[in-house]
Participant: 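Would you mind keeping the following structure in view while I ask a few things?
Being a predicted model, the structure only gives us computed values, none of them experimental.
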Amino acid sequence: MRVDRCDFSGYKVYPSRGKVYVRGDSKTFRFLNHKSESLFLQRKNPRKIAWTQVYRRMHKKGITEEVAKKRSRKNVKVQRGIVGADLASILAKRTAKPEVRAAARAAAITKAKTEKRDKEASKAATRGQSNVPKVSKQAMKGGKGGR
């Protein structure tokens, strides 16, 4: 016994039931009843008609409990080092107490300030040694600036 499917509703069409519609391009369509044939000829979309199998499949109706939901994996956080700092140094900085961190910051600031002061002093010393008179660019090019 051959059981076909209704081309509109998706229900089974048993022998001696339903209609076969042959279109002008010789494509055949099987319909369970006049209702599905009529809706097909009106060019209705079976996905939008609630009682069709296509609609029920699209909207997940009547799915049995045998099909369990897919279990999603939990994301596991992994800590890694980054360029210029390995994981051990990152963890050490994170676990350091605020007082220690503040002291290290103050020491770094004072060191930077002393280096800047020394640099400024050496710059001033080199500037004071040169006794060459200042000449404008125009005078260097041979203009009237150096009378």
Side-chain angles (χ1 to χ4, degrees), residues 2-13 18 20-33 35-147:
R2 186 172 165 201
V3 179
D4 293 315
R5 289 268 170 199
C6 174
D7 282 312
F8 186 81
S9 65
Y11 290 122
K12 291 178 182 175
V13 180
V20 178
Y21 172 75
V22 183
R23 206 163 51 185
D25 62 350
S26 301
K27 181 157 174 39
T28 60
F29 297 94
R30 297 189 181 277
F31 299 112
L32 176 64
N33 51 19
K35 177 181 177 181
S36 29
E37 181 189 12
S38 173
L39 289 167
F40 175 82
L41 293 173
Q42 292 173 48
R43 296 184 174 275
K44 299 288 182 191
N45 189 349
R47 290 179 193 89
K48 292 184 178 178
I49 295 172
W51 54 268
T52 61
Q53 290 296 311
V54 182
Y55 177 94
R56 293 179 66 78
R57 206 172 299 123
M58 269 186 62
H59 294 84
K60 296 182 174 65
K61 305 288 182 191
I63 295 173
T64 57
E65 287 143 30
E66 295 168 17
V67 181
K69 282 190 175 180
K70 279 190 175 179
R71 290 183 181 174
S72 60
R73 288 186 174 186
K74 290 233 175 179
N75 291 337
V76 179
K77 286 193 176 181
V78 178
Q79 292 182 329
R80 298 189 296 187
I82 56 172
V83 177
D86 59 331
L87 183 61
S89 63
I90 292 171
L91 291 174
K93 284 180 183 177
R94 187 183 295 168
T95 56
K97 290 203 162 58
E99 301 88 42
V100 176
R101 202 176 297 141
R105 184 170 182 268
I109 289 171
T110 54
K111 182 183 173 191
K113 282 183 179 178
T114 56
E115 284 179 1
K116 188 176 181 184
R117 212 176 299 126
D118 293 343
K119 192 175 179 183
E120 291 290 327
S122 65
K123 204 175 193 183
T126 56
R127 199 179 304 142
Q129 290 175 356
S130 63
N131 294 332
V132 180
K134 290 190 176 178
V135 182
S136 68
K137 284 188 179 177
Q138 201 170 13
M140 289 178 89
K141 290 181 181 176
K144 297 178 186 174
R147 283 188 185 189

Participant: Step by step, work out the side-chain contact (heavy atoms from CB on, under 4.5 Å) result for I90 and I82.
Facilitator: CA-CA 9 Å; I90 292 171; I82 56 172; 4.2 Å; yes

Participant: Test your reading of the model: is there a side-chain donor-acceptor pair from S38 to the backbone of K35, 3.5 Å cut-off?
Facilitator: no

Participant: Are any side-chain N or O atoms of T52 and backbone N or O atoms of P46, one a donor and one an acceptor, separated by less than 3.5 Å?
Facilitator: yes

Participant: Could you give the distance from CZ (R47) to CZ (R57), rounded to the nearest 0.5 Å?
Facilitator: 10.5 Å

Participant: What's the shortest heavy-atom distance between K44 and I49, and which atoms?
Facilitator: CB-CD1, 3.8 Å

Participant: Could you report the tightest heavy-atom contact between Q53 and Y11, atom names first, then the distance?
Facilitator: NE2-CE2, 3.0 Å

Participant: So do the side chains of F8 and E37 get within less than 4.5 Å of each other, counting heavy atoms only?
Facilitator: no

Participant: Would you call the rings of F40 and Y21 parallel, tilted or perpendicular if under 30° counts as parallel and over 60° as perpendicular?
Facilitator: perpendicular

Participant: Please report the shortest heavy-atom distance between V20 and T28, naming the atom on each side.
Facilitator: CG1-CB, 4.2 Å

Participant: Identify the heavy atoms of T126 and K123 that sit nearest to each other, and give their distance.
Facilitator: OG1-O, 2.8 Å

Participant: State which residues pass side chain to side chain donor-acceptor pair (under 3.5 Å) with E120; sequence neighbours excluded, sorted by chain then number.
Facilitator: none

Participant: Please name the pair of heavy atoms, one in K93 and one in R101, separated by the smallest distance, quoted to 0.1 Å.
Facilitator: O-NH2, 3.3 Å

Participant: List for me each residue that meets salt bridge (Lys or Arg N to Asp or Glu O under 4.0 Å) alongside D25, sequence neighbours excluded, and say none if there are none.
Facilitator: R23

Participant: Checking the side chain of S26 only, and the main-chain atoms of V22 only, is there a donor and an acceptor separated by less than 3.5 Å?
Facilitator: no

Participant: Considering non-hydrogen atoms only, spot the tightest contact between V13 and C6 and give its length.
Facilitator: CG2-N, 3.6 Å

Participant: Does any N or O in the side chain of N33 come within less than 3.5 Å of the main-chain N or O of S36, such that one atom is a donor and the other an acceptor?
Facilitator: yes

Participant: Tell me whether R5 contacts the main-chain N or O of G10 through its side chain, where contact means a donor paired with an acceptor under 3.5 Å.
Facilitator: yes

Participant: Quick one: pull up CG in L32 and CG in D4 and give me the separation to the nearest 0.5 Å.
Facilitator: 11.0 Å

